[in-house]
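What follows is a single structure, written as structure tokens, with notes after it.
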Amino acid sequence: MELRRQLESLFLVFCFLGVGGEGLKDQEPCEFPAIYNFGDSNSDTGGISAAFEPIPAPYGEGFFHKPYGRDSDGRLLIDFIAEHLSLPYLSAYLNSLATNYRHGANFATGGSTIRRQNETIFEYGISPFSLDIQIIQFIQFKTRTNDLYNQAKTPLERSNLPRPQDYSKALYTFDIGQNDLSVGFRKLSFDQLRAAMPDIVNQLATAVQRIYQQGGRAFWIHNTGPIGCLPVNLFYIQNPPAGYLDQYGCVKAQNDMAVEFNRHLKDRVIKLRAELPKAAITYVDVYAAKYGLISNAKKEGFADPLKVCCGYHVNYSHVWCGSRASIDGREVYGASCGNPSQYISWDGVHYSQAASQWFANHILNGSLSDPPVPITQACQGIKE
């Protein structure tokens, strides 16, 4: 109850008072020339589609008018970050077609975890591109693009490549950890998962350290969201026992674990600042933004937060968004609802474009950040 009251109070503060970054208004904004992103499906802009089977329609059709490698009807939070920084949408590192990496690259893939998992993507959808692999890909990307840039003979040859000097000026964003929790819920007891949390956040810290060693200085790190509020968690549960759900219908124990994970992560970020003295590291409370919207959905103009826009979910029969299946002898298609902008959940696991835009509006101003800086000034504190 105390945690809920704190979150609700925080929601009222950032929603209605608009705090965050007030003391920085007179400072010059950072001019980030590029973004390099690491994460899972919350920020994947086409990686898993390039590596495996493409994400089908109606994904992407609400904004891009076709499937566009994103697990949403349109843009993701990382897309709104790029827009906010006046940069183009990030090309996925794994996408070899029609890519432009001048302003960064996206190493996130749907299903990624921080720690490597001993299972294939065909079992439970866990990506083989864990965070350490994404960092290896980035280092290779940096080395090869620097070589290509220096070997290029014309401006045209260089136009799609990052400028070598931009790596130290870029913004490095991280949005990963949710799948480590979901794997933990499936494989471990809560006590075992708690015991694993320090190692999980240490591996994320190691990733940041490796980017720092490569010259990265500005880091924007999202914590994990209220995983217990994803509608998929209720698809197969009938008559949950008393206390299983909180007042908004979320699985309380899973959210409690997410809060505990985020506490470990924030503590580790504080230590990272001492270990990487030349860096500016911002910890972003995405959990508060997401839970804030879910707990005030109707006031914010959204439908029931546990309702799903895309897919067929009736009487414990489930056809996933964009899929077809036979139910009681008839073919059923997992279609989109008619008004995705009123839904928080797009497909039961991922958020709608409208929800992501709401999150962006309440995150990028710095009101949920530690330190409380807007993303446009996330370079403040970098030392030469």
Side-chain angles (χ1 to χ4, degrees), residues 3 6-7 9-39 42-43 77-78 80-82 84-87 168-177 201-202 204-213 215-225 258-292 358-384:
L3 173 63
Q6 291 174 0
L7 286 171
S9 297
L10 178 60
F11 173 81
L12 291 173
V13 169
F14 77 72
C15 242
F16 302 117
L17 298 183
V19 297
E22 296 299 322
L24 298 170
K25 283 183 177 178
D26 296 332
Q27 295 189 21
E28 289 295 320
C30 309
E31 294 186 4
F32 293 117
I35 302 169
Y36 292 96
N37 182 67
F38 307 87
N42 288 305
S43 61
L77 183 51
I78 188 65
F80 291 110
I81 289 174
H84 196 75
L85 297 177
S86 300
L87 294 172
S168 62
K169 303 173 185 176
L171 180 65
Y172 293 86
T173 54
F174 290 78
D175 192 336
I176 193 167
V201 299
N202 276 333
L204 194 154
T206 297
V208 174
Q209 290 167 339
R210 295 187 71 185
I211 297 296
Y212 182 85
Q213 291 163 2
R217 291 295 181 264
F219 299 91
W220 182 266
I221 301 174
H222 291 176
N223 68 10
T224 200
V259 169
E260 189 163 350
F261 175 86
N262 290 340
R263 179 178 59 79
H264 282 282
L265 177 60
K266 187 173 184 179
D267 289 345
R268 191 64 186 88
V269 166
I270 291 170
K271 292 178 182 177
L272 267 177
R273 293 187 183 125
E275 295 164 0
L276 309 178
K278 296 182 179 180
I281 307 175
T282 308
Y283 169 90
V284 187
D285 194 354
V286 174
Y287 185 104
K290 292 180 175 179
Y291 197 74
W358 195 97
F359 303 147
N361 291 342
H362 292 80
I363 288 170
L364 301 185
N365 64 2
S367 61
L368 294 176
S369 298
D370 176 25
V373 295
I375 197 169
T376 53
Q377 294 177 355
C379 65
Q380 304 298 336
I382 291 177
K383 299 178 179 65
E384 297 297 329

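These figures come from a predicted structure and were not determined experimentally.
Across every non-hydrogen atom of Leu87 and Pro33, the tightest pair is CD2-O, 3.8 Å. The shortest non-hydrogen separation linking Ala378 to Thr282 is CB-OG1, 4.2 Å. Closest approach of Val284 and Ser369 over heavy atoms only: CG2-OG, 4.0 Å. Gly39 approaches Ile176 most closely through the heavy-atom pair CA-CB, 3.9 Å. Residues Gly225 and Ala258 share a closest heavy-atom pair of O-CB, 3.6 Å. Between Phe32 and Ala218, the closest heavy-atom pair is CE2-CB, 3.7 Å.
For the residue pair Asn37 / Ser43, a side-chain donor-acceptor distance below 3.5 Å is found, with atom types taken as modelled.
For Arg217 (side chain) and Tyr212 (main-chain N/O), a donor-acceptor pair under 3.5 Å exists by modelled atom type. Remark: the backbone N or O of Val286 is paired with a side-chain donor or acceptor of Asn223 at under 3.5 angstrom.
By the ring pair (Phe, Tyr, Trp, His ring centres under 6.0 Å) test, Phe219 is found to be paired with Tyr172, residues two or more places apart in sequence or in another chain being considered. Arg210 meets the salt bridge (Lys or Arg N to Asp or Glu O under 4.0 Å) test with no other residue; sequence neighbours excluded. With sequence neighbours left out, Arg268 forms a side-chain hydrogen bond (donor to acceptor under 3.5 Å, both in side chains) with Asn202, Glu275.
Ring geometry, Tyr287 versus Tyr291: the interplanar angle falls under 30°, so the pair is classed parallel (tilted spans 30 to 60°).
In this structure, CG in Leu85 is found 13.5 Å from CZ in Phe80, a value given to the nearest 0.5 Å. Distance CG/Leu77 to NE2/His222: 5.0 Å, rounded to 0.5 Å. With rounding to the nearest 0.5 angstrom, the CD1 atom of Ile35 is 11.0 Å from the CH2 atom of Trp220. In this structure, CD in Glu31 is found 9.0 Å from SG in Cys379, a value given to the nearest 0.5 Å. Annotation: the span from Leu276 atom CG to Ile382 atom CD1 amounts to 12.0 Å, rounded to 0.5 Å. Distance check, rounded to the nearest 0.5 Å: CD1 of Ile81 to CD1 of Ile363 gives 7.5 Å.
Residues Asp175 and Ile78 fail the side-chain proximity criterion, which asks for heavy atoms closer than 4.5 Å. Side-chain contact check for Asp370 versus Asp285: every heavy-atom pair is 4.5 Å or farther apart.
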